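Presented below is the structure to which this report refers.
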Protein chains: 2
Amino acid sequence: MARRPESGKTKDINKTKLDDAARAGWLYYVAGNTQDEIASKLGVSRQTAQRLVSLAVSEKLVKVRLDHPIAQCMDYAARLQAAYGLDEVEVVPSDPGHPDTTLGIAEAVAARIEKILSASDPVTMGIGTGRTLKAAVEQLSFIDCPHHFIVSLAGNIAPDGSAAFYNVVFNLANKVSAPSFPMPLPVIAASAGERALLHEQAGIGRTLALAQKVQIAIVGVGDLGPSAPLYEDGFVTLDELKALQNVGAVGEILGWTFDAEGRVIEGMINERVASARLPDRDNALVIAAAKGGNKVEAIRAALRRRLVNGLITDEDTARALLG
Amino acid sequence: MARRPESGKTKDINKTKLDDAARAGWLYYVAGNTQDEIASKLGVSRQTAQRLVSLAVSEKLVKVRLDHPIAQCMDYAARLQAAYGLDEVEVVPSDPGHPDTTLGIAEAVAARIEKILSASDPVTMGIGTGRTLKAAVEQLSFIDCPHHFIVSLAGNIAPDGSAAFYNVVFNLANKVSAPSFPMPLPVIAASAGERALLHEQAGIGRTLALAQKVQIAIVGVGDLGPSAPLYEDGFVTLDELKALQNVGAVGEILGWTFDAEGRVIEGMINERVASARLPDRDNALVIAAAKGGNKVEAIRAALRRRLVNGLITDEDTARALLG
DNA sequence: TTGAATATTGAGTAATTGCCCACGCGTATA
DNA sequence: TATACGCGTGGGCAATTACTCAATATTCAA
């Protein structure tokens with residue numbers, strides 16, 4: 001059986017090259033050299049130096065963080081926290097017109113995760129799936145924290161049987177040396193019966209049990225509009241999506257769909273959602289990470305009913321949630 | 001009443017400005033906008049946008065991190081360079097638990113030598129002896145550079161009369177087609193008188209004279225602990241080693257022993273060391289190549305007194321030198 | 001209110017960077 | 001062995017960014 005060739009790039013970047021890239025990136029961003037200076041220090045041409053710097057960026061070796069309380073963001077955060085009785089809110093700046101749906105959120109989530117994992121006392125951290133969290137994990141730096149536990153709260157098998165593209169826990173485990181518990185399940189099982197069967201598996205049971213003990217969880221929020229992630233990724237059919245919309249579902253967290261009041265939809269695909277239940281918000285901090293106009297309704301619903309008690313979003317979304 | 005002339009500038013940066021700077025910095029570094037785009041988004045001129053970004057940097061609102069082992073090395077290198085006023089420092093990654101005492105260093109030294117020899121202007125390069133340099137030369141590729149001169153700074157005859165195992169210049173000459181000047185002497189002569197006699201030989205005199213003119217030298221550093229290379233290789237007896245230890249000698253370069261302050265020991269075996277003197281650090285670059293816990297004290301001593309003005313070492317050793 | 005000192009701004013310009021393209025070296029293939 | 005292919009490289013140029021300078025705005029004290 002032929003392995004599918006690595007998506008897209010054929011170039012195998014060997015270690016030496018990445019080393020040089022890191023070196024160039026350091027000289028450029030940390031030491032403030034010009035690319036000409038880097039070139040002479042590394043003994044390469046300026047163009048090559050430029051490529052190395054660029055490689056360091058594209059390989060995500062350089063991480064830029066900006067920790068400054070921007071008054072506007074702080075204001076939104078405080079008002080959101082008050083309005084919805086949240087335990088924790090972070091609002092990052094918006095870049096009007098930028099197409100990236102995770103820009104800023106991913107960095108903030110990464111910083112939050114690093115903060116969680118830097119605790120000296122053991123923590124059990126739950127994590128969902130989705131584009132936002134995947135992007136966040138890419139921003140993470142390597143952390144050694146074997147005393148923590150990381151548990152996936154949602155299945156991560158795509159409908160075609162492959163590990164889903166958004167297998168966040170797997171990517172996380174590559175960055176963080178902590179015991180991690182993936183959930184090798186589809187997000188939505190074929191039937192309620194199949195879900196029961198799957199959940200009885202030994203490995204899954206352990207993960208699910210651990211999922212109920214998480215102290216901090218970070219989850220994405222999916223909308224149920226025409227380009228709902230559940231639909232786009234093939235977890236539900238178009239008919240199922242329309243049916244959900246018809247009963248008033250506006251969003252989902254970990255696959256659990258809910259209406260505009262944040263009430264979890266009875267029956268329908270929720271009978272087949274294989275994910276763990278949302279951790280208890282009285283004992284755990286459940287942070288939703290999401291932004292974007294199409295998600296506003298879903299986020300608002302989740303906040304209203306306190307499906308989550310923490311939020312990381314951007315200015316535009318914050319404004320919409322408050323308006 | 002004159003206002004105290006603020007050293008630099010009297011910048012009174014109010015909060016709004018820092019906010020804008022943070023926002024500009026965010027849009028620039030995180031969102032990847034150009035300064036033109038930032039200008040239009042923030043409603044200011046391009047120059048102002050540039051100033052805001054620059055302010056965000058100078059106020060350290062943006063924090064750049066590099067996630068790569070190399071980054072740590074670069075950091076150590078910069079700190080060592082500052083701490084000891086060195087002209088050149090390279091720190092290579094450590095491989096914890098690896099027994100090889102030259103791993104990484106040898107490769108780095110080889111690369112440095114190749115860089116020296118790739119210069120188009122003629123260079124006189126000095127070289128010491130020892131395991132580290134021997135391993136480095138083994139890493140060298142063949143180079144044709146007849147316009148350079150290579151001169152041995154230390155004797156390379158073993159106590160038993162054979163060419164010492166670490167006859168670096170000999171091995172170097174096999175790789176590099178440049179005029180080379182070995183020093184067919186023991187590292188330590190039998191007596192001060194014998195040293196004088198040996199140094200009067202025509203061939204030796206020429207090599208010694210050339211040794212004083214080297215522009216770049218690479219030397220090893222030996223410790224004087226129980227397994228001091230000078231003792232293990234039979235250049236000094238156990239009694240002589242103990243005597244050296246008793247007067248506080250902690251290391252040696254080219255056979256010249258020195259104490260923890262880097263002061264060259266008076267008398268004792270230094271009266272019989274047949275090596276060239278260390279090149280003048282005001283006019284030449286003298287790079288020490290060494291790593292390992294047992295050498296830390298020796299290296300630190302050499303750096304303190306500026307016996308060398310360049311260093312190639314590894315992370316662990318760098319950390320120890322800084323700690 | 002005025003004047004002086006200081007800060008801020010925009011224009012112009014130099015420096016730096018990003019990117020495209022053609023070349024050359026090495027490797028795989030017929 | 002000859003040929004094609006791919007990858008990396010450096011040249012050149014356009015875009016972007018950094019800096020200098022003079023003009024303008026602002027602040028503070030008399």
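Because the structure is a prediction, the values reported are computed rather than measured. Labels below follow one simple rule: chain letters A, B, ... track the order of the sequence lines, proteins then strands, and each chain is numbered from 1. The figures here come from the full heavy-atom set of this structure, side chains too, leaving out hydrogens, waters and symmetry mates.
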Whole-Å distance, B:L27 CG to D:dT17 P, equals 12 Å
Is the phosphate of C:dG18 approached by A:Q35 (side-chain N or O, under 4.0 Å from OP1 or OP2)?
yes
Under 4.0 Å between a side-chain N/O of A:Y28 and OP1 or OP2 of C:dT17, yes or no?
yes
N or O in side chain of B:S54 less than 4.0 angstrom from D:dA18 OP1/OP2
no
Any side-chain donor paired with an acceptor under 3.5 Å for A:D100 and A:T102?
yes
Side-chain donor-acceptor pair under 3.5 Å between B:D314 and B:S94, yes or no?
yes
Does a nitrogen or oxygen in the side chain of B:T34 sit under 4.0 Å from OP1 or OP2 of D:dA15?
no
Position toward the 5' end of DNA chain C (nearest nucleotide), A:D36 or B:V44
B:V44
Would you kindly give the CD-to-C1' distance between B:Q50 and D:dT20, to the nearest whole Å?
12 Å
Ignoring hydrogens and angles, state whether a donor on the side chain of A:N174 or A:N171 is under 3.5 Å from an acceptor on the partner side chain.
no
For B:L55 and C:dT9, give me the distance from atom CG to atom C1', rounded to whole Å.
15 Å
State whether B:S45 places a side-chain N or O below 4.0 Å from either non-bridging phosphate oxygen (OP1 or OP2) of C:dT9.
no
Are A:I127 and A:L172 packed together at the side-chain level, in the sense that at least one heavy-atom pair is separated by less than 4.5 angstrom?
yes
Indicate, yes or no, whether a donor-acceptor pair under 3.5 Å links the base of C:dG18 to the side chain of A:R51.
no
Once hydrogens and angles are ignored, does a donor-acceptor distance under 3.5 Å link the base of D:dG11 to the side chain of A:Q47?
yes
Distance criterion of 3.5 Å, no angle test: do you see the side chain of A:R46 paired donor-to-acceptor with the base of C:dG18?
yes
Calculate the interatomic distance between A:Y29 atom OH and C:dT16 atom P; express it in whole Å.
16 Å
